[in-house]
Amino acid sequence: MKILLAFLLAVVIIVTQGDAYCFTQLYKPGEAEKGCMMDGVLYPFGEISRTEGCFRCSCSQSEMHCCTLYTTPVGYDKETCKVIFNEKDCNYEVVPKYPSKECAWHARVG
C-alpha cells in the first residue's frame with residue numbers, strides 16, 4: 001500500500017510540474033473558413049503538432065485550442081543564472097550568467 005501511495009504522489013508531482021500553458025481562441029461563424037490564424041500564419045484544420053510559436057494546437061471552424069510545447073524553469077538562482085529560450089527545441093535552458101558558476105533549478109511551470 002505504501003508503494004502505491006508513493007507512486008501516486010510521484011505521478012501527481014510529475015504531472016503538476018509538466019503542465020503546459022493552454023488557451024482557446026473562439027471563432028464566430030464563417031470567421032475561420034480556410035483554417036486558423038495565429039501570429040499571421042494560417043494553419044489547416046485538424047491537429048497541428050508544432051506552430052512557429054512552439055504550440056501544439058487543434059484547429060476547427062469554431063475554435064483553435066493550443067498548449068505550449070515548453071515549460072518555464074522556476075526555482076533557480078536569478079543572480080547567477082539566466083534563462084534562454086531555444087526556438088529550435090522549443091525549450092528554456094537555465095545557463096550560468098558567469099561561466100565559472102553552475103546553475104541548478106528545481107521545477108518548471110507551464
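Fair warning: this is a prediction, and the values are worked out from it, not measured in the lab.
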Q: Would you please name every residue forming a side chain to side chain donor-acceptor pair (under 3.5 Å) with Asn86, sequence neighbours left out?
A: Asp89, Glu93
Name each donor-acceptor pair under 3.5 Å that joins a side chain in residues 44-53 to protein atoms two or more places apart or in another chain, with its distance.
unit_1, atom_1, unit_2, atom_2, d
Glu47, OE2, Ser58, OG, 3.2
Arg50, NH1, Lys88, O, 3.1
Arg50, NH2, Glu87, O, 2.6
Arg50, NH2, Lys88, O, 3.3
Thr51, OG1, Gly53, N, 3.2
Thr51, OG1, Phe55, N, 3.1

Q | Test log, rule side chain to side chain contact (heavy atoms under 4.5 Å, CB included), inputs Met64 and Tyr43 | A | CA-CA 10 Å; Met64 183 175 196; Tyr43 291 98; 4.1 Å; yes
**Q.** Partner set under side-chain contact (heavy atoms from CB on, under 4.5 Å) for Ser60, not counting sequence neighbours
**A.** Ser62, Glu63
Q.
Tell me every residue that passes side-chain contact (heavy atoms from CB on, under 4.5 Å) with Lys82, counting only those two or more places apart in sequence or in another chain.
A. Ile84, Val95, Lys97
Q.
Check for me whether the distance between the ring centres of Tyr70 and Tyr21 falls short of 6.0 Å.
A. no
Q: Considering only Ile, Leu, Val, Met, Phe, Trp and Tyr, and joining two whenever side-chain heavy atoms are under 4.5 Å apart, list the other residues clustered with Leu26.
A: none
Q: Could you tell me the separation between the SG atom of Cys66 and the CZ atom of Arg56, rounded to the nearest 0.5 Å?
A: 11.0 Å
Q) If you round to the nearest 0.5 Å, how far is CG of Asn91 from CG of Leu69? A) 10.0 Å
Q. Is Tyr76 reachable from Phe85 through a run of hydrophobic residues whose side-chain heavy atoms are each under 4.5 Å from the next?
A. yes
Q: Test disulfide bond (SG atoms under 2.5 Å apart) on Cys57 and Cys67 and set out the steps.
A: CA-CA 6 Å; Cys57 300; Cys67 294; over 6 Å; no
Q: Please collect all side chain to side chain donor-acceptor pair (under 3.5 Å) contacts where either partner lies in residues 22-37, sequence neighbours excluded, each pair once.
A: Thr24-His65
